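This report refers to the structure that appears directly beneath it.
Because the structure is predicted, anything quoted here is derived from the model rather than measured.
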Amino acid sequence: MSDPLLSVRNLSVSYPGRTGITHALKEASFDLGRERLGIVGESGSGKSTMGRAILGLIPRPGIVSAERMDFMGSSLIGNSDRDWQRLRGRRISMIMQDPKYSLNPVKRIGDQIAETCRLHLGSSRKDAEKRALSMLEAVQIRNPDTVFTLYPHQLSGGMGQRVMIAMMLVAEPDLLIADEPTSALDVTVQNEVLRILDRLVRERGMGLLFISHNLTVVSSFCDRVLIMYGGRILEQCAARDLADAKHPYTRALIAAAPSLDHPKSELATLVRDPEWLK
Amino acid sequence: MERGAWRGWGQGLAAVIRPLIALAGSLLITFIGLTAVTFFIGRLTKIDPVLAVVGDKASREVYNNAYIALGLDRPVIVQYFLYLKRVVTGDLGVSVLTSQPVISDLLRVFPATFELATIAIIIGVLVGVPAGVLAGARKGRLADHIVRVTGLFGYSVPVFWLGLVGLFVFYGKLGWVSGTGRLDVFYEDIVTVRTGIILIDSAIEGEWDIFFNAFSHLILPAAILGYYSLAYIARMTRSFMIDQLAQEYVTTARVKGRSFWGAVWLHAFPNIMVPLITVIGLSYASLLEGALLTETVFAWPGLGLYITRALFNSDMNAVMGGTILIGTVFISINLFSDFLYRIFDPRLRTA
């Protein structure tokens with residue numbers, strides 16, 4: 001990890017509301033190289049907010065502040081709309097949870113993939129279509145010519161998510177954020193999609209920010225793990241050391257997961273300590 | 001790839017057309033229902049159809065002959081089928097008020113309404129849709145408030161008041177437009193009536209003076225009617241847009257590198273087409289019914305005025321004829337909307 005792809009210091013996101021300011025993310029700091037970094041935490045812990053802040057997609061009236069947010073040597077803070085548009089899809093992209101909602105229902109699959117090329121690579125229509133087709137092959141879709149002309153409602157969830165991966169990787173970004181990419185899928189296709197994602201990320205030497213609430217998947221799939229709770233990063237550790245995590249929250253999360261080898265009649269529940277947020 | 005695309009097109013076309021045949025069947029049933037309702041309402045009124053023909057000074061014998069000639073001695077169901085047969089052949093009876101066949105009356109007044117309604121809906125769509133998209137995309141900001149207040153004004157102001165003020169300002173004071181009626185008196189009855197739509201008839205003959213005169217008569221009432229449909233169309237477009245912009249695929253488009261407005265117009269907008277077509281279709285249909293108040297203020301010889309006058313004079317043939325015409329307009333617009341739905345939403349194409 002010589003020069004980090006992404007370097008974040010004290011990134012905060014807050015939403016002013018009638019009853020005061022809500023801090024969705026508070027003073028998050030981490031570095032990401034060309035590796036897989038897992039982010040785990042329960043719902044509302046700020047995982048997705050972090051992904052969206054890195055893409056500059058925090059909706060109004062959210063406020064993003066950071067001491068430093070450098071991507072490939074240049075700062076993301078103070079980017080203009082145009083700067084962001086050049087970056088998104090081309091350098092950083094994101095796969096979202098459920099292809100049922102994240103694909104445009106009235107546009108053909110092929111056109112949705114080709115759109116990314118047309119936006120960034122200045123490719124001709126024909127060229128973009130060719131790239132889209134080869135990308136469909138790369139995500140192991142058996143008959144890309146047919147799938148190219150289909151609409152999202154004609155695809156299964158697993159296929160939809162592979163299309164999403166194709167769409168987000170076609171312009172060869174350096175960083176991919178995967179926001180719970182398999183949580184909406186059947187367990188049987190989850191592994192398949194993960195394997196494809198794994199291979200493409202490895203082949204292209206990309207950085208991956210893998211957001212999930214599935215501890216098992218994260219610990220087997222990622223190099224390092226960030227544990228988040230209440231908008232903060234509580235702990236960072238190597239994925240293989242997750243079992244020896246020190247923070248009581250992490251230990252409690254691990255304890256709460258059922259294990260086939262040691263069946264228990266009652267699973268542990270989390271006891272939250274306000275001290276963690278101090 | 002090329003062949004695949006063409007095959008895709010062929011399948012797409014078949015998928016669009018096949019359900020239309022089924023639709024045609026349901027339309028036929030709707031039309032039979034429409035004529036039945038019209039017919040029985042016509043029978044339920046206290047108006048004596050015989051008196052309407054022979055007048056109240058006719059002798060008993062004349063009355064009885066007319067009664068039989070009109071087929072009123074036969075069972076109601078037989079009468080209905082006779083009526084249906086006449087309707088299908090375009091025979092809607094004679095209007096008591098104008099002494100003309102109702103069908104030729106309708107062919108005279110409907111083009112006037114059609115011309116007015118069409119220009120009005122064009123204004124309503126061309127202004128209302130972009131205004132609604134803008135308001136929805138900039139929800140809660142200045143542009144949104146301007147569109148909402150303008151729309152609210154359109155909802156709240158009575159049309160006859162707006163018509164009179166419009167005439168006073170743009171005709172009386174500024175002289176930008178012509179006054180009431182469809183044409184200035186000295187232009188009347190010059191062009192041959194082909195479609196009854198003066199803008200088209202005069203353009204066919206190359207009578208551009210008449211064309212522009214007709215247009216200057218038309219534009220004010222059309223703009224006022226257009227303003228009302230604009231208010232409705234903009235409000236609905238705004239709420240459709242707000243729904244769609246909250247969808248995840250809009251974020252996807254942004255993540256791919258689309259600008260905000262690129263995502264609005266290229267991704268969200270195609271997704272509001274189906275409900276938008278419904279709204280526009282309904283607005284257009286209600287304009288085609290004839291706008292009584294506007295037609296009254298602008299002395300516009302249209303359908304609304306015709307039917308109202310017929311109703312006040314118990315001219316049942318004219319009322320029933322007009323009702324069938326309006327029903328047919330609604331059915332046609334629904335058919336056309338259904339056809340458009342399938343073009344704009346691939347999910348509706350499966351038969």
message: Heavy atom to heavy atom, less than 4.5 Å: which residues from residues 159-186 of chain A reach chain B?
response: Met164(A), Met167(A), Met168(A)
query: Once you round to the nearest 0.5 Å, how far does OH of Tyr101(A) lie from CD of Gln247(B)?
result: 8.5 Å
- line: Looking only at Pro105(A), Pro152(A), Pro59(A), Gly56(A), the option with the highest number of non-hydrogen pairs under 4.5 Å against chain B is Pro105(A)
- prompt: Would a 4.5 Å heavy-atom cut-off, applied to side chains only, mark Arg52(A) and Thr251(B) as touching?
  reply: yes
query: Contact part of Arg60(A) toward chain B, heavy-atom cut-off under 4.5 Å: side chain, backbone, both or neither?
result: side chain
task: Identify which part of Gln112(A) has an atom lying under 4.5 Å from any heavy atom of chain B, answering side chain, backbone, both or neither.
output: both
More than 12 heavy atoms from other groups under 6.0 Å of CZ on Phe330(B): yes
query: Counting only N and O atoms by type, is there a donor-acceptor contact under 3.5 Å from the side chain of Lys107(A) to the main-chain atoms of Leu266(B)?
result: yes
query: Taking the side chain as C-beta and beyond, is there a heavy-atom pair between Ser259(B) and Asp81(A) under 4.5 Å?
result: no
query: In Å and rounded to the nearest 0.5 Å, what is the CG to NE2 distance from Asp345(B) to His153(A)?
result: 8.0 Å
message: Heavy-atom count check: over 12 atoms from other residues, nucleotides or ligands less than 6.0 Å from Arg125(A) CZ?
response: no
message: With rounding to the nearest 0.5 angstrom, report the CG to NE2 distance, Asn104(A) to His267(B).
response: 6.0 Å
query: Side chain of Thr252(B), backbone of Leu103(A): donor and acceptor closer than 3.5 Å?
result: no
query: Side chain, backbone, both or neither: which part of Met94(A) has a non-hydrogen atom closer than 4.5 Å to chain B?
result: both
query: If you count heavy-atom pairs under 4.5 Å with chain B, which of Gln97(A), Arg86(A), Met96(A) comes out on top?
result: Met96(A)
message: What I want to find out is whether Glu248(B) reaches Lys100(A) closely enough, with some N-O distance under 4.0 Å, to be called a salt bridge.
response: no
message: Check whether Lys256(B) reaches the backbone of Arg90(A) with its side chain - one donor and one acceptor, N or O, closer than 3.5 Å.
response: no
- request: Show your working on side chain to side chain contact (heavy atoms under 4.5 Å, CB included) between Trp84(A) and Arg254(B) and close with a plain yes or no.
  value: CA-CA 10 Å; Trp84(A) 278 119; Arg254(B) 300 299 312 278; over 6 Å; no
- prompt: So does Phe215(B) have more than 12 non-hydrogen atoms from other groups sitting under 6.0 Å from CZ?
  reply: no
